[in-house]
Amino acid sequence: MKRFWALLLALAMLSAQVALAEESAAPVFAVGELSGNFNPFFAEAEGDRLVAQLVNGSLLTTARGGDIVRSGISGETISFDTTPYDYTGLADVEVAVNADGSADYTLTLREDARFSDGEPVTIDDVIFSIYVRADADYDGPCGLAELPIEGLEAYRGGLKRLDGLLLAAGRDNADFSLWDADTQAAFWADVDAAGAQLCGEIVTYCMQTYLNDYAAVIGCSPEEILDDSALQLEFAMVLWGYEQDYFDGATTADFWSAILNAYDGDVAVAESTERVSTPLKGFIEDYEEKYGAQISVDGGAANISGVTRLTRNDDSGLRIHATRYDPAILPALAACIAPLHVYGDPALYDYENNSFGFTRGDLSAVRAVKDAAVGCGPYVVERSDETGATLQANEYYFKGALPVGKLRLASYDGDAGLEAVLNGEAALAVTELDAASIGAIYAANDDEGLSGACADTLLVDAPEYVYLGMNVELVKVGNDAGSPASMALRRALMTVLAAQREEMVARELGDAAFVIEYPVLNSSWAAPNLEDEGYALCYSRNAAGAPVYDDAVSDDARHEAALNAAVDYLKRAGYTWDEAAQRFTAAPEGASMEYLCSVAEKDPAATLVESAAEQLSQIGLTLRLRTLTQDELDAALAAGGAQLWITAQACGSEPELYAQYHSDNVVGSNLFRIADGELDGCIMDFLSSDDLESRRASCKAALDVAMEWGCVLPLYQPCLSVVTNAALLDCDSLPEDMTPFYGWWAELENLTLK
């Protein structure tokens with residue numbers, strides 16, 4: 001018996017050693033945080049999302065420019081930066097925009113698609129995935145609730161959150177059929193207490209941001225306000241536009257009451273409009289547990305009427321009918337697939353009887369599946385722990401056998417991933433480029449460059465761009481932000497600022513970024529390019545429309561030409577010019593001789609503002625720089641309190657023209673506060689067409705109008721670097737022309753080890 005147990009132990013140890021040896025032989029790819037939640041619906045950490053992507057694949061393929069491949073089954077050729085590339089995928093999609101403005105999206109699955117456990121991929125898996133993300137209980141990163149799919153709102157209407165119902169019912173509600181009186185009383189007490197805290201945050205923000213510059217608005221010195229909490233509240237209420245509501249003895253609770261009164265008691269609108277950063281529920285402990293429950297109400301539809309099979313028993317076809325064409329629908333559908341038999345309950349799936357694989361309004365069973373290895377992507381999870389996940393090739397992957405049968409995604413913090421590649425511990429890492437990382441790569445390559453004997457580096461656009469913005473209501477002449485004089489003022493400032501970009505990027509960022517001429521992600525399909533009619537260097541034309549300079553002039557010549565153009569613009573804006581002194585001496589009504597630009601701490605673009613300020617001082621204008629924390633800057637922008645600012649704009653595959661520039665969002669996401677009918681028309685043209693070339697033209701037209709207003713100056717596009725260890729991985733086997741939408745993981749069928 002002892003010999004038996006000894007043999008059993010030896011076999012177990014041998015098995016463990018073999019497993020460890022296999023794992024150590026797998027190439028390591030450095031990724032961000034891994035928590036072990038690989039659920040494709042709810043994964044949040046960077047590394048978890050990547051694992052979920054590699055395991056589950058995607059229903060529709062995204063091309064390099066972020067556009068969706070329509071003919072994935074037979075394959076499609078799409079050009080990127082004039083180079084044609086071939087793409088395949090799990091499905092085809094046809095889009096038809098109807099005469100009434102509605103749209104039909106018809107999906108067809110490839111017949112040979114299988115999950116990694118051998119089960120076929122069917123349209124039931126797609127329907128299950130759609131209904132999970134459409135459910136009222138879904139709170140993951142890619143919900144469908146805002147999409148105009150026919151019947152979606154009616155379906156979601158059958159269940160409503162308790163907090164929304166309480167808000168709609170009001171304080172004086174006497175119907176307690178869905179909740180009791182104690183719950184209602186507790187909710188409104190929590191709301192009012194949180195409202196007072198929200199107003200306290202406003203007071204803190206005003207003190208931190210405006211005290212030194214604006215203390216005089218209440219006739220006090222900064223020191224006097226600092227020493228008196230009552231004066232602090234008065235100061236904040238005056239700056240926030242509630243001067244008439246302040247009284248001796250007022251508290252933050254009174255401030256909150258004044259805000260509610262201004263919005264006729266509408267808590268949701270009041271808090272979203274007036275808050276600094278923290279939402280109201282952020283001040284209420286255990287908010288979700290108390291008020292986040294889904295409550296069944298009358299009137300909910302049994303299904304989403306716009307989601308139907310092509311035929312009753314068809315396993316491969318689905319049609320989605322939208323009440324209007326929306327370009328966000330295709331990207332939303334792209335990720336919309338997961339195995340029903342793993343994440344759902346097949347016993348609860350009955351399409352004909354409106355049951356879709358889970359208990360409606362309760363996704364707890366779907367959330368509970370965190371480490372399942374089954375999907376239709378290139379790899380499956382073999383094992384995982386707190387340090388990483390080992391993936392094995394999916395034998396049923398529709399693109400065939402993978403050359404790298406096993407790989408390990410390991411979690412690294414900060415620059416540790418790059419260090420792991422340079423010392424031979426990892427084969428690949430994606431990292432931000434900065435002076436430190438560039439220096440480390442150069443040193444590892446014996447100063448040969450970003451690619452050399454130790455490491456190869458490929459540059460990829462980061463999924464964001466950096467811009468300088470102006471609030472047109474705070475930088476204007478007179479009372480009309482859209483007048484020719486107001487536009488001339490802003491264009492004067494922008495012309496001088498734009499002329500500093502090349503030097504700033506070269507000096508501060510080097511290989512880590514490049515200048516862009518339009519405020520849109522450079523690698524997006526919608527980005528204007530040199531071949532487009534009317535393409536030009538931004539803010540490089542004078543008031544008469546003639547070029548101020550071209551991209552071949554020296555820095556000094558560019559600065560001088562830009563300053564001369566600014567002088568002409570400012571004269572047209574109504575500024576008083578002293579010919580003898582060659583300086584402006586007075587601003588027109590509503591304008592100023594001094595403006596303030598807010599930037600986040602350690603922002604390299606701060607030097608651009610400083611250089612422009614030096615130029616403007618020569619003609620009598622002052623441009624001051626204010627440095628804030630990122631949270632303070634975000635709060636200032638949300639409150640509409642920044643005249644000029646510099647920040648990064650995160651980007652997806654679709655430019656956010658409606659959110660950023662449409663007049664519907666002037667109080668909200670339109671930080672520029674621009675309202676222009678022509679611009680609104682261009683944006684709606686962009687959103688209503690399914691023709692990519694037409695949409696590109698509408699995008700450029702919209703951006704041209706925005707820049708004509710002088711409200712946005714694109715600065716630069718940051719770069720990420722994909723760094724590979726030259727001894728471990730063949731850099732040439734990675735995809736050509738990688739982008740944020742088409743990274744190193746996009747062509748694993750070509751990946752080759754050394």
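Hydrogens, waters and symmetry mates are skipped; everything else that's a heavy atom, side chains included, is used.
- Here Phe514 and Tyr716 keep their ring centres 6.0 angstrom or further from each other.
- At least one side-chain heavy atom of Tyr539 sits under 4.5 Å from a side-chain heavy atom of Arg491.
- Put simply, the side chain of Gln618 does not reach to within 4.5 Å of the side chain of Arg583, judged on heavy atoms.
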Evaluate Gln615 against His559 for side-chain contact (heavy atoms from CB on, under 4.5 Å), listing each step before the verdict. CA-CA 8 Å; Gln615 292 281 304; His559 297 162; 3.6 Å; yes

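- Look at Arg49 and Glu46 and you find no salt bridge, because none of the NZ, NE, NH1 or NH2 atoms lies under 4.0 Å from a carboxylate O.
- Within a 6.0 Å radius of CD in Glu432, no more than 12 heavy atoms belonging to other residues, nucleotides or ligands are found.
- Here the side chains of Leu198 and Phe255 are not in contact, with every heavy-atom distance at 4.5 Å or above.
- In this structure, Tyr214 and Tyr210 have perpendicular ring planes: the angle between them is above 60°, well past the 30° mark.
- No donor-acceptor pair under 3.5 Å is formed between the side chain of Arg572 and the backbone N or O of Pro484.
- Contact of the Ser102 side chain with the Thr323 side chain is not registered, since no non-hydrogen atoms from C-beta on lie closer than 4.5 Å.
- Checked by atom type, the side-chain pair Asp664/Tyr658 shows a donor-acceptor distance below 3.5 Å.
- Within a 6.0 Å radius of CD in Glu533, other residues, nucleotides and ligands contribute 12 heavy atoms or fewer.
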Show, in sequence, the C-alpha distance, side-chain angles and deciding distance for Thr607 and Arg507, and conclude whether the side-chain contact (heavy atoms from CB on, under 4.5 Å) test is met. CA-CA 10 Å; Thr607 61; Arg507 179 180 63 247; 3.1 Å; yes

Using the side chain to side chain donor-acceptor pair (under 3.5 Å) rule, take Glu274 and Tyr242 through it: C-alpha gap first, then chi angles, then the decisive distance, then the call. CA-CA 11 Å; Glu274 299 289 6; Tyr242 290 88; 2.8 Å; yes

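- Judged purely by atom type and a 3.5 angstrom limit, Tyr465 uses its side chain to pair as donor or acceptor with the backbone of Pro519.
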Please test Tyr661 against Asn670 for side chain to side chain donor-acceptor pair (under 3.5 Å), starting from the C-alpha separation and ending with a verdict. CA-CA 5 Å; Tyr661 302 107; Asn670 180 345; over 6 Å; no

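- For CD of Gln582, the number of neighbouring non-hydrogen atoms (other residues, nucleotides, ligands) closer than 6.0 Å is greater than 12.
- A salt bridge links Arg696 with Asp532: the closest approach of a Lys/Arg side-chain nitrogen to an acidic carboxylate oxygen falls below 4.0 angstrom.
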Decide yes or no on ring pair (Phe, Tyr, Trp, His ring centres under 6.0 Å) for Phe80 and Tyr742, but give the supporting numbers first. CA-CA 11 Å; Phe80 178 77; Tyr742 201 85; 9.2 Å; no

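- Within a 6.0 Å radius of CG in Asp691, other residues, nucleotides and ligands contribute more than 12 heavy atoms.
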Please evaluate residues Arg64 and Trp525 with respect to the criterion side-chain contact (heavy atoms from CB on, under 4.5 Å), reporting the C-alpha separation (whole Å), side-chain torsions for both, the decisive distance (0.1 Å), and the verdict. CA-CA 8 Å; Arg64 286 168 171 81; Trp525 62 268; over 6 Å; no

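- Of the possible polar contacts, none joining the Glu601 side chain to the Thr627 backbone as a donor-acceptor pair under 3.5 Å is found.
- A heavy-atom distance below 4.5 Å is found between the side chains of Leu493 and Leu616.
- Side-chain atoms of Ser688 come within 3.5 Å of backbone N or O of Met684 as a donor-acceptor pair.
- Side-chain atoms of Glu517 come within 3.5 Å of backbone atoms of Cys538 as a donor-acceptor pair (strictly under, hydrogens ignored).
- In the displayed structure, Gln244 atom CD is contacted under 6.0 Å by more than 12 heavy atoms of other residues, nucleotides or ligands.
- Between Asp568 and Lys571 no salt bridge is recorded (no basic side-chain N to carboxylate O distance below 4.0 Å).
- Counting only distance, with no hydrogens or angles, the side chain of Ser721 and the backbone of Thr431 share a donor-acceptor pair below 3.5 Å.
- Note: Gln500 CD to Glu610 CD = 11.0 Å, rounded to the nearest 0.5 Å.
- Separation of atoms CG (Leu713) and CZ (Arg490) is listed at 13.5 Å; rounding is to 0.5 Å.
- Atom CD of Glu560 is surrounded by 12 or fewer heavy atoms from other residues, nucleotides or ligands within 6.0 Å.
- You'll find the side chain of Ile68 reaches within 4.5 Å of the side chain of Thr62, heavy atoms only.
- The 12-atom threshold is not exceeded at CD of Glu153, counting heavy atoms of other residues, nucleotides or ligands nearer than 6.0 Å.
- Between the side chain of Ser540 and the backbone N or O of Leu537 there is at least one donor-acceptor pair closer than 3.5 Å.
- One finds the CD1 atom of Ile202 at 14.5 Å from the CE atom of Met207 (value rounded to the nearest 0.5 Å).
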Let's go through Ile516 and Leu715 carefully: what are the C-alpha distance in whole Å and the side-chain angles of both, what is the deciding distance for side-chain contact (heavy atoms from CB on, under 4.5 Å) to 0.1 Å, and is it a yes or a no? CA-CA 6 Å; Ile516 57 174; Leu715 297 180; over 6 Å; no

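- Put simply, CD on Gln232 and OG1 on Thr204 are 8.0 Å apart, with the number rounded to the nearest 0.5 Å.
- Two residues are said to be in side-chain contact when any heavy atoms from C-beta on lie closer than 4.5 Å; Met237 and Glu243 fail this criterion.
- Among all heavy-atom pairs drawn from Ala462 and Leu521, the shortest one is O-CD1, 3.3 Å.
- Under the 4.0 Å criterion applied to side-chain N and carboxylate O atoms, Glu594 and Arg624 are assigned as salt-bridge partners.
- Ion pair Asp326/Arg324 flagged as a salt bridge, since at least one NZ, NE, NH1 or NH2 atom sits closer than 4.0 Å to an Asp/Glu carboxylate oxygen.
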Is there a side chain to side chain donor-acceptor pair (under 3.5 Å) between Tyr549 and Arg558? Walk through the geometry before answering. CA-CA 6 Å; Tyr549 52 78; Arg558 183 170 61 250; 5.2 Å; no

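- Judged purely by atom type and a 3.5 angstrom limit, Thr273 uses its side chain to pair as donor or acceptor with the backbone of Val269.
- Between the side chain of Asp578 and the main chain of Thr585, no donor-acceptor pair closer than 3.5 Å is present.
- The closest donor-acceptor contact from the side chain of Asp603 to the backbone of Ala605 lies under 3.5 Å.
- A heavy-atom distance below 4.5 Å is not found between the side chains of Val599 and Arg626.
- Between Asp704 and Lys700 there is a salt bridge, since at least one side-chain N of the basic residue sits less than 4.0 Å from a carboxylate O of the acidic one.
- Taking the six-membered ring for Trp and thresholds of 30 and 60 degrees, Trp645 and Tyr467 have ring planes more than 60 degrees apart, a perpendicular arrangement.
- Judged by the 6.0 Å distance and 45° axis criteria, Arg695 is positioned over the aromatic ring of Phe686.
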